[in-house]
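Nothing fancy with the numbering, it's 1 onward along the sequence. None of these values were measured; they are calculated from a predicted model.
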Amino acid sequence: MKRFRLLVAGNAVSAYGSYLNMVALNVFVYHLTGSALTAGLYMAVRLLTSVASGVVAGALASRIPRKRLMVGADLTQATALVLLLLAPSGARVALLFGLAVVAGACSTVSGVSLRSAVPEIVGADLRTRANSLLATGRSLAMVAGFGSASVIVAQLGYRWAFALDALTFLVSASVLLSLPIRTEAARADDPPAPAAKAKDGGGRWATVVLLRSMPVVAVMVLVRAVDGLGSSSHNVALPIYSDALDHAHPAAFISQFWATWAIGNIAVQQILSRWTSRTGRSPGERVFALGACVMSAAFILVFAGLPTALAVVVALLAGMADGLTEVAYVSRLQTVPDAQRARVFGLSASVENLGFGLGMILSGVLLEHFSPLRVVGGFHGLAIVLCVGFLLLLVRGAATRRAAPAPAGDPVPASEGERV
């Protein structure tokens with residue numbers, strides 16, 4: 001795990017650059033054009049690129065060495081930022097939209113490649129612990145990136161912010177290049193077995209496998225898409241709710257919320273890491289469904305007008321449930337064979353980003369007419385209903401398998417979700 005910890009550090013630096021990029025570039029677009037519409041279009045282009053590139057990223061990560069893809073994604077983003085720094089002012093608007101495409105595509109390619117490579121880097125038995133380390137690094141990077149962006153832009157200016165952003169991607173690429181890690185189960189130049197070719201089925205693979213061979217994974221991906229709707233609703237509603245609580249200090253509650261959420265997320269990663277090290281087990285489908293229910297319920301309660309102390313506790317719970325759900329989901333998808341794993345993660349990235357994007361639009365429209373509690377409650381309530389239904393199906397399926405007679409001398413295997 002020593003080499004993987006270095007990879008986690010490099011990935012956290014890259015994630016910090018992505019979060020800094022997200023804030024600084026969005027503000028820079030508005031500063032440069034003075035148009036809220038242009039700023040909105042910039043965000044839309046970036047998000048739509050992330051949605052469209054998910055399936056493509058999965059296909060690439062199935063054919064090209066994933067380490068090469070991650071290094072290429074980092075170097076491409078660093079190059080695009082340097083070009084923006086060197087460009088004349090008249091060309092910057094066009095370059096910014098090009099950068100939105102680059103950032104959306106490269107972040108998706110890098111994320112799909114890394115998630116699908118984790119079992120090959122650390123081994124299947126350590127994947128949950130590795131996912132917890134990655135989630136901890138990203139949580140710290142999110143807090144640092146969002147927290148420092150305004151300070152860096154205000155004190156040093158946009159040029160220094162973009163230069164620092166480019167440097168973070170160069171650091172990440174350097175760390176990856178220095179690590180002798182294997183990111184695939186077999187050599188990239190090995191011809192695939194005939195059975196693997198038949199199972200892949202070219203572009204039809206994702207649909208065929210998810211609908212016929214992995215219905216549980218298909219439902220989990222669907223749950224994540226609906227979770228994306230819920231996540232977008234509380235992201236859009238938080239500034240409105242925070243302003244209503246304290247109009248003189250509109251950022252107070254939202255800052256407190258995300259700081260507490262991050263603490264909860266990091267805390268549960270530490271607990272998960274120790275638990276998996278001690279037991280050798282991983283959270284399965286049931287843990288994922290229960291965690292998603294608790295997470296959505298906590299996000300709804302945040303907008304229920306609770307006293308500050310109780311709201312902080314709920315935010316902490318939301319962060320813990322969010323972190324648990326993330327690790328359970330990623331770890332379960334990583335049990336898919338390596339030949340198909342990247343495609344599953346690519347499809348997952350597309351539907352998650354699609355759910356989040358649609359939720360941003362719908363939430364913005366609904367918040368013009370309804371309270372934050374009703375909008376967030378509606379979206380997260382839908383996620384709870386779906387998760388409860390999924391949980392009932394898992395319990396029913398487990399009961400059916402236990403009741404079915406097993407062949408003589410052949411024990412009935414338990415799924416990963418049933419063991420936990």
Minimum heavy-atom separation for [X] to [Y], with atom names?
X: Leu96; Y: Tyr42; value: O-CE1, 3.1 Å
X: Asn353; Y: Leu47; value: O-CD1, 3.8 Å
X: Gly284; Y: Ala328; value: O-CB, 4.2 Å
X: Thr168; Y: Gly17; value: OG1-CA, 3.2 Å
X: Ala130; Y: Val122; value: CB-CG2, 3.9 Å

Would you confirm whether [X], through its side chain, and [Y], through its main-chain N or O, come within 3.5 Å as a donor-acceptor pair?
X: Ser242; Y: Leu238; result: no
X: Ser363; Y: Met360; result: no
X: Thr260; Y: Val312; result: no
X: Lys67; Y: Leu176; result: yes
X: Ser14; Y: Ser172; result: no
X: Arg127; Y: Pro119; result: no
X: His380; Y: Gly230; result: yes
X: Ser296; Y: Ala292; result: yes
X: Ser273; Y: Gln269; result: no
X: Arg129; Y: Thr276; result: no

field: Residue that, paired with Phe379, satisfies side-chain contact (heavy atoms from CB on, under 4.5 Å) out of Asp227, Leu366, Val236
entry: Leu366

[atom2] on [Y] to [atom1] on [X], rounded to 0.5 Å:
X: Met295; Y: Ser231; atom1: CE; atom2: OG; answer: 5.5 Å
X: Gln77; Y: Leu170; atom1: CD; atom2: CG; answer: 11.0 Å
X: Ser18; Y: Asp165; atom1: OG; atom2: CG; answer: 7.0 Å
X: Arg66; Y: Ile121; atom1: CZ; atom2: CD1; answer: 9.0 Å
X: Leu324; Y: Ile271; atom1: CG; atom2: CD1; answer: 9.5 Å

- request: Under the side chain to side chain contact (heavy atoms under 4.5 Å, CB included) rule, what do Tyr158 and Leu25 come out as? Steps first, then yes or no, please.
  value: CA-CA 8 Å; Tyr158 292 107; Leu25 283 173; over 6 Å; no

field: Intermediate values then yes/no, salt bridge (Lys or Arg N to Asp or Glu O under 4.0 Å), Arg341 and Glu120
entry: CA-CA 11 Å; Arg341 190 185 305 136; Glu120 313 310 324; 3.0 Å; yes

Answer yes or no: is there a side-chain heavy-atom contact under 4.5 Å between [X] and [Y]?
X: Phe356; Y: Leu229; result: no
X: Leu114; Y: Thr183; result: no
X: Cys106; Y: Phe169; result: no
X: Tyr241; Y: Val376; result: no
X: Val56; Y: Val109; result: no

message: Regarding Glu184 and Arg63, does a basic nitrogen lie under 4.0 Å from an acidic carboxylate oxygen?
response: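 Result for this pair is no, no salt bridge flagged.
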
field: Salt-bridge contact Glu326-Arg332 (side-chain N to carboxylate O under 4.0 Å)
entry: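 Between Arg332 and Glu326 there is no salt bridge, as every charged N stays at least 4.0 Å from the carboxylate O atoms.
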
- request: State whether a side-chain donor-acceptor pair under 3.5 Å links Tyr329 with Ser348.
  value: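 Short answer, yes.
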
- prompt: Ser282 and side chain to side chain donor-acceptor pair (under 3.5 Å): which partner among Asp125, Thr128, Thr335?
  reply: Thr128

query: What is the ring orientation for His234 with Phe299, classed by angle as parallel under 30°, tilted 30 to 60°, or perpendicular over 60°?
result: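 His234 and Phe299: parallel rings.
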
